[in-house]
Amino acid sequence: MGKGEGPNPTMTEATDATLDVRTDDEIEMDALTADERRAVRARSESMVVIPQTDPDGICIGMYDVHSESGERYTIILDHDSGCDCPDTEYNGAENCKHRRRVAMQINESGCPAPGQPLGDYQDTLKAVRTRLEDEREALTDELETVDGLLDGLE
């Protein structure tokens, strides 16, 4: 979406399909429709959304989503299939959890929409990086402890 243009209909669909779902721990996932499950997962799973930008730092409408599973998916907001994840590819999901998460990040966390500058979202990405580095350090410490215990058993 360029400056001054109306909202992207695909973005609106992804947003509408994402933001109205409860994320209580009490939700019985089996009782939900596939779309409702995608919406819950979009909000509850750990994902990092990184907008792709042009050399001037303007979002080009493509986003890399690093999923809790360790996979990276590319989301293109102005494209029918929109995501290269298995849910979209094999199940024909119009708004998979990755696409929904991009919509959430744009609407709730300052992630730039297509045509907008990266701006303050850089600070969000830096905070995520710091959190992940801290988690990596904690995991490294835990691995060293386990290695020490295993070495003692041999």
Heavy atoms, side chains only, cut-off 4.5 Å: are Glu144 and Leu149 in contact? no

Does the side chain of Asp84 come within less than 4.5 Å of Glu89's, by heavy atoms? no

* Please step through side-chain contact (heavy atoms from CB on, under 4.5 Å) for the pair Val65 and Val48, ending with a clear verdict. => CA-CA 6 Å; Val65 175; Val48 177; over 6 Å; no

Discussion item. Between Glu68 and Ser46 (side chain of the first, backbone of the second, donor and acceptor by atom type, cut-off under 3.5 Å), is there such a pair?
Written reply: yes

Residues 53-63 vs side-chain hydrogen bond (donor to acceptor under 3.5 Å, both in side chains), sequence neighbours excluded, gives none

d(Arg100 CZ, Met47 CE) to nearest 0.5 Å is 10.5 Å

ask   = Any chance CG of Asp120 has more than 12 other-residue heavy atoms, nucleotides or ligands included, within less than 6.0 Å?
value = no

Side-chain heavy atoms of Tyr73 within contact of Pro86, under 4.5 Å:
yes

Arg43 and Met104, any side-chain heavy atoms less than 4.5 Å apart: yes

Sub-4.5 Å side-chain heavy-atom contact between Ser67 and His98:
yes

Correct closest heavy-atom pair for Ser109 and Thr124 would be O-OG1, 4.1 Å

dist Lys97:NZ -> Asp35:CG (nearest 0.5 Å) comes out at 14.0 Å

Scanning both residues in full, the closest heavy-atom pair of Pro51 with Tyr121 reads CD-CE2, 3.6 Å

Value for CG (Asn95) from SG (Cys83), rounded to nearest 0.5 Å, stands at 10.5 Å

ask   = Between Gln52 and Thr74, is any pair of side-chain heavy atoms under 4.5 Å apart?
value = yes

Is any side-chain N of the basic residue among Arg38 and Asp87 closer than 4.0 Å to the acidic one's carboxylate O? yes

- Message: Any heavy-atom pair between the side chains of Ile75 and Leu77 that's under 4.5 Å?
- Response: yes

Exercise for review: Before giving the answer on side-chain contact (heavy atoms from CB on, under 4.5 Å), spell out for Arg101 and Arg41 the whole-Å C-alpha distance, their side-chain angles and the decisive distance to 0.1 Å.
Suggested key: CA-CA 9 Å; Arg101 184 57 165 265; Arg41 289 183 179 124; over 6 Å; no

